[in-house]
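Index from 1, following the sequence.
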Amino acid sequence: MTRKSVITTVLVLLGVAVLGVGVVLAYDAFRTRKIDSYAITYEVTVEGAGGIRKVEYTAVPDGQHRTADPTTRTDETPTAQPWSRDVIIPAGRQARLTVTPAEGAVVGCKIVLDKDLGSPKTKTLTENRAPAAGQPITCSTTLDDDQRFRR
């Protein structure tokens, strides 16, 4: 073997090794990328007469990128009881749900992470129940901005 062929072989092997390391690092970076938003569900339960008068909640506006600033939405005619909405909230931002019941109703609220990281199960982030009929309640939580997605 000539010196030139030895050098060529060494350079090819070195190039293959560097390429292999690069592929492994790129795959790991993709597999453990930082989470930029969360899919959550707002849930409202109602006991008693009258139902819900108004629900206000934060969410990324429809048609916007999942990391867009969340806005407050209002549902002033909630007919379904129990009431729920699936929304997107960017990481590090506050998820907030405020419920105003009718005079005879006692309401509860819950914010649920649709999938706990690394698990197919849901995870309750916060929940609250009004102490008496007719009293509004709020559930709010700030979503973690330092989690990584692991496949």
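Of all heavy-atom pairs spanning Tyr38 and Asp144, the tightest one is OH-O, 2.9 Å. Closest approach of Val46 to Ala105, counting heavy atoms only: CG1-CB, 3.9 Å. The nearest pair of heavy atoms linking Ala49 to Ala102 is O-CB, 4.4 Å. Annotation for Gln135 and Ala130: closest pair O-CB, 3.6 Å, computed over non-hydrogen atoms. Val107 and Pro101 get closest at one heavy-atom pair: CG1-CB, 3.6 Å. Listed here is the closest heavy atom pair of Ser84 and Thr41: CB-CG2, 4.3 Å.
Remark: Cys139 SG to Asn128 CG distance equals 5.0 Å, nearest 0.5 Å. Distance check: Leu113 CG to Thr126 OG1 gives 13.0 Å after rounding to the nearest 0.5 Å. Taken to the nearest 0.5 Å, the OH atom of Tyr57 stands 10.5 Å off from the OG1 atom of Thr72. In this structure, Gln94 CD and Ile111 CD1 are separated by 8.0 Å, a value rounded to the nearest 0.5 Å. Interatomic distance, Leu143 CG to Ile40 CD1, rounded to the nearest 0.5 Å: 6.0 Å. Atom OG1 in Thr141 sits 12.0 Å away from atom CG in Leu97 (nearest 0.5 Å).
Remark: Thr98 pairs with Thr138 by the side-chain hydrogen bond (donor to acceptor under 3.5 Å, both in side chains) rule, at least two apart or across chains. Applying the side-chain contact (heavy atoms from CB on, under 4.5 Å) criterion to Pro70, with sequence neighbours excluded, gives Thr58, Ile89, Pro90, Arg93. A search for side-chain contact (heavy atoms from CB on, under 4.5 Å) contacts involving Thr74 returns Lys54, Glu56, Glu76, not counting sequence neighbours.
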Exercise. Would Arg73 and Asp62 count as a side-chain contact (heavy atoms from CB on, under 4.5 Å) if you check the C-alpha gap in whole Å, the side-chain angles of each, and the deciding distance to 0.1 Å?
Worked result: CA-CA 11 Å; Arg73 298 182 186 184; Asp62 293 337; 3.2 Å; yes

For this session: For the pair Asp75 and Trp83, evaluate side-chain contact (heavy atoms from CB on, under 4.5 Å) and give the outcome as yes or no after the intermediate values.
Result: CA-CA 10 Å; Asp75 186 347; Trp83 180 95; 3.0 Å; yes

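Side-chain atoms of Val60 and Val87, non-hydrogen and from C-beta on, never get closer than 4.5 Å to each other.
When Ile137, Val55, Thr45 are each tested for a side chain to side chain contact (heavy atoms under 4.5 Å, CB included) with Cys109, only one passes: Ile137.
Using a 4.5 Å cut-off between side-chain heavy atoms of Ile, Leu, Val, Met, Phe, Trp and Tyr, with links allowed through other members, Val44 and Leu125 fall into the same hydrophobic cluster.
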